[in-house]
Enquirer: 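Sharing a structure here in structure tokens format.
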Amino acid sequence: MSITLNEAIEMITLEADMLDHGDFKEWLSLYTPNGIYVVPIDPDTEEFEKTLNYAYDNAEMREKRVERLLSGRAISAAPPAKTVRLQARYRMLESNAESCTLRCAQMLTELRQGRERYYSANVTFRLVRTDGVLKIDRKIVRLLTSTEALTAVSYIL
Amino acid sequence: MDILPDPTTLVNEDSADGSIYSNPDLFDMEMDRIFMHNWIWVAHRSDLPESGNYITTFIGQHPVIVSRDRKGEVHVMLNRCRHRGATVCEHKKGKAASFVCPYHGWAYGLDGALRGVPFQEGYTGQLDKSNYPLISLRVEEYNGLIFASFDHDIMSLDAWLGRTKPWIDLFMKQGAGWPIKTMGEHKFTFPGNWKIQLENTTDAYHFPIVHKSFLDSVDSETQNTFDFVEGNGYVEDLGHGHSVMVMIPDLVDLDENLEAPIPERFQELADELAKDYPDEQVRRIVRAVGGSGFNLNLFPNLACSMAFFRVLRPLAVMETEIRHVAIGMDGGPELANEMRLRLHEHFQGPMGFGTPDDSEAWDRVQRGSLAGRDISILLNRGLGHEAQREDGNLFSDVSAETGMRAAYRQWLVDMTGKTVRAENGE
Ligand code: FES
Ligand SMILES: [Fe+2]
């Protein structure tokens, strides 16, 4: 049976909740070993490895990013920003028994040192079913402001 | 009554008053005296590879268009219609045959000449188009770096860059024999004065402190390479506010030491390249991918910083935009350029492992320096053992604040209106 919209939403909501509550170590286990987390700059590109991104993380880089957030040794993340993100406007772009592609909107509010900042994004997930569990194989965060000047983002979008 | 601040009371040889980061009147003076009377970097040659290519950018707070005309010549023009002042182009980059103002349709050539005015009869002979081109600034180029200036009387770019030129040439060796091209950029703002960032690219002192978390994320060989604060690097004053900070002396000339062992993190790339290139070229490419071992600060808005261009733009007295422009080999192996992109992403930009921590430090300088009155910012590190080279350049150890002192000397010259002019023989 194809992966349903509800199953997919359940999965990515779990991810969002973990990121907002700082469960970064657990977050790592949500990805497939070859999974990619990418925050591109170019709104049109699909060739992420050939272009400059804000983040282009394979498993190794994701692990390093999490270490950075938890170590207390990065002044911009000590303490890390607090975030609250909402996802909505879900649309299943394709789905079969093993994998699916889901797109949604994400509105994120960040609070750090008394300053609130906001990031809106279109997020596309490719989820795959391995051993009966859904994992994230690709997460593409297309920021609305990707080609504008951002401010320091010392957390995971 | 408006009384302008007196810059001479704010900056000394070894310190500056904290208000230089927050005085709005001083900022207005800077935007005029520094950003309208010096050479300001606007583009790299590769941003405009062909006739008809253009980009839009800023000189200080002035929007400009940089274009390459049919003859291949580069023009830098104010992005301001001569009719009633609308910007004529809002695209970041592109290719065009002309720029047409969207308001009443005045059309300008790539060189800024006013070509067409709709319903021109309405002017009954009172509009001579030749009198209303886009306002052109002075443009000069050195080794791919394109600069412009509002001031037609200042010295040539060649004279202004002066002793920095050999360093620019060294920096461009990152092409490994190919020309350098830009490969995208990280753009971000921080809530602080532009000079806080200007100081930072000549500040080696902060590296092991602020960038602990970056150093944690690389292998031990790379950690050693970046362990330079007590090494034998140096900072050297190159005149006109420019300076060079050599962090890794072995990586000053990328064409040298080709026989040195390939660092482990580049071994995989080297093995791949070996399939297509002879050994010596592989070594040259790999060395180039790692970037130069120095930051070259060009007053006031560009740094050729190890492996990328750092470009600053003051937005307001306490708001600054920074771009980290990635560079690569134009025509070089794609794998090598991709590795450069990954290295850039690792440290730079709003989600890098380095930049957000820098940004946090600058943010704190801005907020902290608002505390109290008449308290100085220290610029005296390394002054005690600063010495002079035979050619007159001041230099000190790598963590010295020699580069900041150089920048503030030029700042003072500009701010007091004593800019050294071409006719003074410079
Ligand atoms: S303002 Fe440009 S044509 Fe009128
Ligand atoms: Fe830094």
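Quick caveat: nothing in here was measured; it's all calculated off a predicted structure. In what follows, chains are A, B, ... by sequence order, proteins preceding strands, each numbered from 1. The figures here come from the full heavy-atom set of this structure, side chains too, leaving out hydrogens, waters and symmetry mates.
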Enquirer: Please find the pair of heavy atoms, one from B:P356 and one from A:S154, that lie closest to each other, and give the distance.
Expert: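 Of all heavy-atom pairs spanning B:P356 and A:S154, the closest is CB-OG, 3.4 Å.
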Enquirer: With a cut-off of 6.0 Å (strictly less than), are more than 12 heavy atoms of other residues, nucleotides or ligands near CD of B:Q267?
Expert: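 Enclosed: over 12 neighbouring heavy atoms sit under 6.0 Å from CD of B:Q267.
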Enquirer: Does NZ in B:K95 sit with more than 12 non-hydrogen atoms of other residues, nucleotides or ligands closer than 6.0 Å?
Expert: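 Atom NZ in B:K95 is crowded, with more than 12 foreign heavy atoms closer than 6.0 Å.
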Enquirer: Between B:T189 and chain A, with a heavy-atom cut-off of 4.5 Å, which part of the residue counts as in contact: side chain, backbone, both or neither?
Expert: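 For B:T189, heavy atoms of backbone and side chain both lie under 4.5 Å from chain A.
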Enquirer: Taking the side chain as every heavy atom from C-beta outward, state whether A:R73 and B:D216 have any pair of such atoms under 4.5 Å apart.
Expert: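 With C-beta onward as the side chain, the pair touches.
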Enquirer: So, for B:H186 and A:I41, which heavy atoms are closest and what is the spacing to 0.1 Å?
Expert: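 Where B:H186 meets A:I41 most closely, the heavy atoms are CD2-CD1, 3.5 Å.
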Enquirer: Is B:D363 in contact with chain A via its backbone, its side chain, both, or neither, using a 4.5 Å heavy-atom distance?
Expert: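 Just its side chain gets close to chain A.
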Enquirer: Is the CZ atom of B:F58 crowded by more than 12 outside heavy atoms at less than 6.0 Å?
Expert: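 More than 12 within 6.0 Å, yes.
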Enquirer: Any chance CD of B:Q223 has more than 12 other-residue heavy atoms, nucleotides or ligands included, within less than 6.0 Å?
Expert: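 Enclosed: over 12 neighbouring heavy atoms sit under 6.0 Å from CD of B:Q223.
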Enquirer: Which region of A:E148, side chain (C-beta onward) or backbone (N, CA, C, O), has a non-hydrogen atom less than 4.5 Å from a non-hydrogen atom of chain B, or is it both or neither?
Expert: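 Contact with chain B is through both the backbone and side chain of A:E148.
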Enquirer: Among B:H346, B:H211, B:E321, which residue forms the greatest number of heavy-atom pairs with chain A at distances under 4.5 Å?
Expert: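 The candidate making the most pairs under 4.5 Å is B:H346.
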Enquirer: Rounded at 0.5 Å granularity, tell me how far CG in A:L70 sits from OG in B:S213.
Expert: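 The CG atom of A:L70 sits 11.0 Å away from the OG atom of B:S213.
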Enquirer: Could you tell me whether B:E230 atom CD has more than 12 heavy atoms of other residues or ligands within 6.0 Å of it?
Expert: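 Check fails, neighbour count at 12 or below.
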Enquirer: I'd like to know if A:R68 and B:D357 make a salt bridge, using a cut-off of under 4.0 Å between side-chain N and carboxylate O.
Expert: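 Counted as a salt bridge, because a side-chain N and a carboxylate O are separated by less than 4.0 Å.
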Enquirer: Let me know which of B:M183, B:H344, B:R342, B:Q348 forms a side chain to side chain contact (heavy atoms under 4.5 Å, CB included) with A:L52.
Expert: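 By the side chain to side chain contact (heavy atoms under 4.5 Å, CB included) criterion, A:L52 pairs with just one of B:M183, B:H344, B:R342, B:Q348: B:H344.
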Enquirer: For the CE atom of A:M61 and the OG atom of B:S217, what is their distance to the nearest 0.5 Å?
Expert: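 So the gap between those two atoms works out to 6.5 Å.
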Enquirer: So for A:T51, is it side chain, backbone, both, or neither that comes closer than 4.5 Å to the heavy atoms of chain B?
Expert: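 For A:T51, the backbone is the part near chain B, not the side chain.
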Enquirer: Can you say whether A:R115 sits under 4.5 Å from chain B via the side chain, the backbone, both, or neither, judging by heavy atoms?
Expert: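 The answer is the side chain of A:R115.
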Enquirer: Would you say CD of B:E268 has more than 12 non-hydrogen atoms from neighbouring residues, nucleotides or ligands within 6.0 angstrom?
Expert: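 Counting neighbours around CD of B:E268, 12 or fewer heavy atoms of other residues, nucleotides or ligands fall under 6.0 Å, so no.
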Enquirer: Of B:M351, B:E338, B:E345, which meets side chain to side chain contact (heavy atoms under 4.5 Å, CB included) against A:Y56?
Expert: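 Running side chain to side chain contact (heavy atoms under 4.5 Å, CB included) over B:M351, B:E338, B:E345 with A:Y56 returns exactly one hit, B:E345.
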Enquirer: State, yes or no, whether a side-chain contact exists between A:E67 and B:F353 at a heavy-atom distance under 4.5 Å.
Expert: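 When only atoms from C-beta onward are counted, B:F353 and A:E67 do not touch, as no gap falls below 4.5 Å.
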Enquirer: Could you grab the distance from atom OG1 of A:T147 to atom CD of B:E185, nearest 0.5 Å is fine?
Expert: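 Rounded to the nearest 0.5 Å, the OG1-CD separation comes to 9.5 Å.
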Enquirer: To the nearest 0.5 angstrom, please state how far the NZ atom of A:K50 sits from the CG atom of B:N337.
Expert: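 The CG atom of B:N337 is 11.0 Å from NZ of A:K50, to the nearest 0.5 Å.
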Enquirer: Below 4.5 Å from any heavy atom of chain A, which atoms of B:R364 appear? Answer side chain, backbone, both or neither.
Expert: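 When you check distances to chain A, only side chain atoms of B:R364 fall under 4.5 Å.
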Enquirer: Counting only heavy atoms closer than 4.5 Å, note whether A:L150 contacts chain B via side chain, backbone, both or neither.
Expert: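 Contact with chain B involves both backbone and side-chain atoms of A:L150.
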Enquirer: Please classify the contact between B:F190 and chain A as side chain, backbone, both or neither, with a heavy-atom cut-off of under 4.5 Å.
Expert: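 Neither part, no heavy atoms under 4.5 Å.
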